[in-house]
Amino acid sequence: MIRTFPKDFVFGAATSAFQVEGGAREGGRGACCWDGFLQRPDKGFDGEEASDFFHRYREDIERSREFNLQALTISIAWPRIFPAPDGRVNEAGLQYYSDLIDTCLKNGIEPYVVLYHFDTPLYLFQKGDWLAQETAEAFLQYARVCFERFGSRVRHWITLKDPFTLASGQYITGLFPPNEKFAVSKAVEMMHRMMLAHSRAVRLYKSMKLPGKIGIAHRLEAAYPIKWQPANTLAADLEDTLANEFLLDATLAGGYRPETLRKINRILRYEGRSFVPNEAEIEVLTEAAGLTDFLGVNYYSSHFIEYYDGENKVVHNAQGKKGTSTFAIRGIGRRIHKTEVPSTDWDWSIFPSGLYDMLLRIRDNYPAKPIFITENGIGIHEQLQDGSVQDDRRIDYIRQHLNAVLDAMDEGVEVKGYFIWSLMDALSWTNGYEKRYGLFYVDYETQQRYPKKSMYWYKDLAAKRIMLTVNAIQTKGVD
Ligand code: BG6
């Protein structure tokens with residue numbers, strides 16, 4: 001079957017400052033929380049050079065135009081704007097992003113600008129990062145400077161990316177700095193504080209009467225019981241509440257619904273903790289929920305959950321060796337690999353129905369907002385052959401997920417655009433450079449870019465706006 005995308009549907013690709021820029025010691029950038037963390041001997045990779053977007057953004061953006069991309073998400077590195085605790089604004093950093101935004105506009109590429117993608121300035125990180133009130137205050141100041149400087153040119157702002165991915169990496173799996181494990185209560189507290197910071201930034205933006213729109217992007221991964229049994233169903237529900245519902249409530253419902261709070265507190269009982277937001281905070285969330293213009297959905301995979309009451313255990317699949325990961329948290333559940341669902345070498349399930357289900361669930365449970373799929377993509381071990389990469393697996397992956405998006409649109413979900421993670425191969429926070437997501441292959445020795453087969457496919461799609469569907473996808477997660 002041939003399927004058509006609406007005329008105003010945006011085809012784009014995504015980047016994030018720390019993962020692509022490099023230039024870590026240039027342009028007056030201050031240290032961020034990842035710099036020293038990745039330079040520990042057990043890591044083996046860092047972001048000092050990354051994909052050298054800092055120096056090569058002009059050619060990358062020109063190439064994006066040549067390949068018919070209409071939009072790019074770029075994030076601003078907070079430590080380039082406020083490099084030190086003295087509150088001084090780094091003019092060189094502002095100028096860099098000003099030029100980057102102008103280069104996008106000159107090339108007919110709309111920049112979707114992200115204020116924060118995991119790269120907290122080191123001096124704030126050392127004071128407690130998002131758990132410290134100081135970070136929220138500093139974020140608002142930083143947001144104001146960005147809105148003032150770029151607000152007349154930027155039409156789409158994303159305050160924060162993926163609070164749960166960050167919270168989980170920092171305080172549950174411990175794979176992100178500060179390396180703490182199984183402190184679910186800290187993860188919850190931190191997400192709440194991030195949502196307050198987002199809300200205040202939205203309120204500020206709206207008070208400035210600028211011409212654009214503002215939203216937030218959450219990585220939302222559906223959680224299904226591995227088998228329909230009450231204990232597994234509860235486990236999946238708890239995982240979903242922690243990873244999705246908590247943040248969706250804060251973003252769209254204007255506060256946490258009683259059943260969400262009840263489930264969060266049930267999880268926290270294992271730590272002897274509780275979460276009770278105060279009324280003033282809920283008011284802030286409520287006001288921002290009404291003002292938020294759109295929701296960004298980042299989607300890669302879903303999870304199949306089994307009830308679990310054993311010891312906490314997380315094993316990270318760092319090298320891309322299939323079947324080596326474990327995620328089991330007492331009081332929440334254990335993620336199980338479902339044999340009939342394909343997965344990547346890093347054990348991420350490939351399950352487009354999860355995206356469809358997530359979009360419908362948002363439609364059913366929350367006030368309607370336009371949605372952008374702000375990240376979707378697949379990490380693969382890849383090699384350059386004759387100047388390209390035959391990444392048919394990526395084409396399949398994208399096609400299936402776009403198909404799920406179109407299915408959801410047929411059901412009345414307002415999806416306005418789709419951004420592939422990522423424009424070019426980039427640093428993966430926990431897997432380094434071997435896990436490649438890009439539409440362009442990056443030879444890290446020379447920093448040369450090579451369009452992959454998927455880039456040609458996507459170019460054609462963006463021009464013609466029609467797509468041949470693959471096999472009808474399963475729209476139910478569980479047997
Ligand atoms: C997203 C993050 O949630 O996941 C990206 O926003 C990240 O920054 C992406 O790169 C894929 O994760 P990973 O660990 O495979 O790089």
Side-chain angles (χ1 to χ4, degrees), residues 12-21 32-34 37-38 43 45-47 50-51 53 72-78 112-120 158-170 172-177 187 191 194 215-222 243-244 247 295-303 314 316-322 324-325 327 343-350 354-355 358 372-382 393-394 397-398 401 419-439 442:
T15 67
S16 102
F18 188 82
Q19 293 176 276
V20 300
E21 275 179 10
C32 93
C33 57
W34 288 90
F37 177 77
L38 290 182
K43 286 292 170 192
F45 61 90
D46 60 36
S51 316
F53 188 65
L72 288 179
T73 57
I74 51 169
S75 79
I76 297 180
W78 187 354
Y112 283 54
V113 178
V114 180
L115 286 174
Y116 177 80
H117 196 139
F118 301 179
D119 49 356
T120 308
I158 295 168
T159 54
L160 309 170
K161 274 228 176 152
D162 296 354
F164 177 69
T165 309
L166 182 66
S168 165
Q170 292 197 319
I172 300 178
T173 64
L175 296 166
F176 288 9
M191 289 195 285
M194 288 182 82
I216 184 169
H218 292 301
R219 174 149 144 199
L220 301 171
E221 304 191 320
N244 305 318
L247 291 165
L295 174 71
V297 173
N298 296 343
Y299 180 84
Y300 293 85
S301 60
S302 288
H303 302 292
V314 169
H316 177 52
N317 174 352
Q319 308 300 332
K321 294 201 178 100
K322 230 181 200 176
T324 55
S325 57
F327 181 94
S343 58
T344 72
D345 288 347
W346 285 266
D347 298 321
W348 294 23
S349 68
I350 300 173
L355 175 57
M358 185 57 71
F372 291 92
I373 307 302
T374 34
E375 284 181 28
N376 178 233
I378 179 167
I380 308 177
H381 286 291
E382 288 175 323
R393 278 182 72 195
R394 181 166 291 107
Y397 180 96
I398 298 169
H401 285 79
F419 293 75
I420 292 180
W421 181 265
S422 48
L423 175 62
M424 77 286 280
D425 292 335
L427 173 144
S428 155
W429 305 101
T430 60
N431 301 102
Y433 294 98
E434 288 306 308
K435 188 184 196 184
R436 292 175 181 268
Y437 282 92
L439 291 167
V442 176

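Since the structure is predicted, the reported quantities are computational estimates derived from the model, not experimental observations. Ligands are counted one by one from 1 in listed order, and the atoms in each one are counted from 1 as well.
Using a 4.0 Å cut-off to heavy atoms of Tyr437, the atoms of ligand 1 that qualify are 11 (C), 12 (O), 13 (P), 15 (O), 16 (O). When each atom of ligand 1 is checked for a heavy atom of Lys435 under 4.0 Å away, the hits are 13 (P), 15 (O). Interface atoms of ligand 1 facing Ser428, defined by a heavy-atom separation under 4.0 Å, are 13 (P), 14 (O), 15 (O), 16 (O). Ligand-side atoms of ligand 1 in range of His117: 2 (C), 5 (C), 6 (O), 8 (O), range being under 4.0 angstrom from any heavy atom.
Ranking the protein heavy atoms by distance from atom 12 (O) of ligand 1 puts Trp348 CH2, 3.4 Å first. Here the protein heavy atom with the shortest distance to atom 1 (C) of ligand 1 is Glu375 OE1, 3.0 Å. The nearest protein atom to atom 3 (O) of ligand 1, hydrogens excluded, is given as Asp162 OD2, 2.4 Å; this is a heavy-atom distance. Regarding atom 10 (O) of ligand 1, its nearest protein heavy-atom neighbour is Gln19 NE2, 2.8 Å. From the protein, the heavy atom lying nearest to atom 4 (O) of ligand 1 is Arg219 NH1, 2.8 Å.
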Quiz item: When you look at His218 and Leu295, which way does the side chain to side chain contact (heavy atoms under 4.5 Å, CB included) test go after all the steps?
Solution: CA-CA 8 Å; His218 292 301; Leu295 174 71; 3.9 Å; yes
Quiz item: Given the rule in the salt bridge (Lys or Arg N to Asp or Glu O under 4.0 Å) test, do Arg219 and Glu221 qualify, once you have shown the distances and angles that lead to the verdict?
Solution: CA-CA 6 Å; Arg219 174 149 144 199; Glu221 304 191 320; 3.0 Å; yes
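Side chain of Lys161 to backbone of Leu115: no donor-acceptor contact under 3.5 angstrom is found. The main-chain N or O of Val442 is found under 3.5 Å from a side-chain atom of Arg436 such that the two form a donor-acceptor pair. For the pair Asp425 (side chain) and Gly438 (backbone), a donor-acceptor distance under 3.5 Å is present. Here the side chain of Gln19 pairs no donor or acceptor atom with the backbone of Ala426 at under 3.5 angstrom.
The side-chain tip of Lys321 does not point at the ring of Trp346 from less than 6.0 angstrom away and within 45° of straight on.
Evaluated by nearest non-hydrogen atom to atom 9 (C) of ligand 1, the leading choice among Tyr300, Phe118, Tyr299 is Tyr300.
At a 4.0 Å cut-off, not a single heavy atom of Lys161 sits close enough to ligand 1 to count as contact.
With Phe118 as the fixed residue, the ring-ring contact (aromatic ring centres under 6.0 Å, His included) test singles out one of Trp78, Phe176, Phe37, Trp34: Phe176.
Polar contact with ligand 1: present for Trp429 (N/O pair, distance under 3.5 Å).
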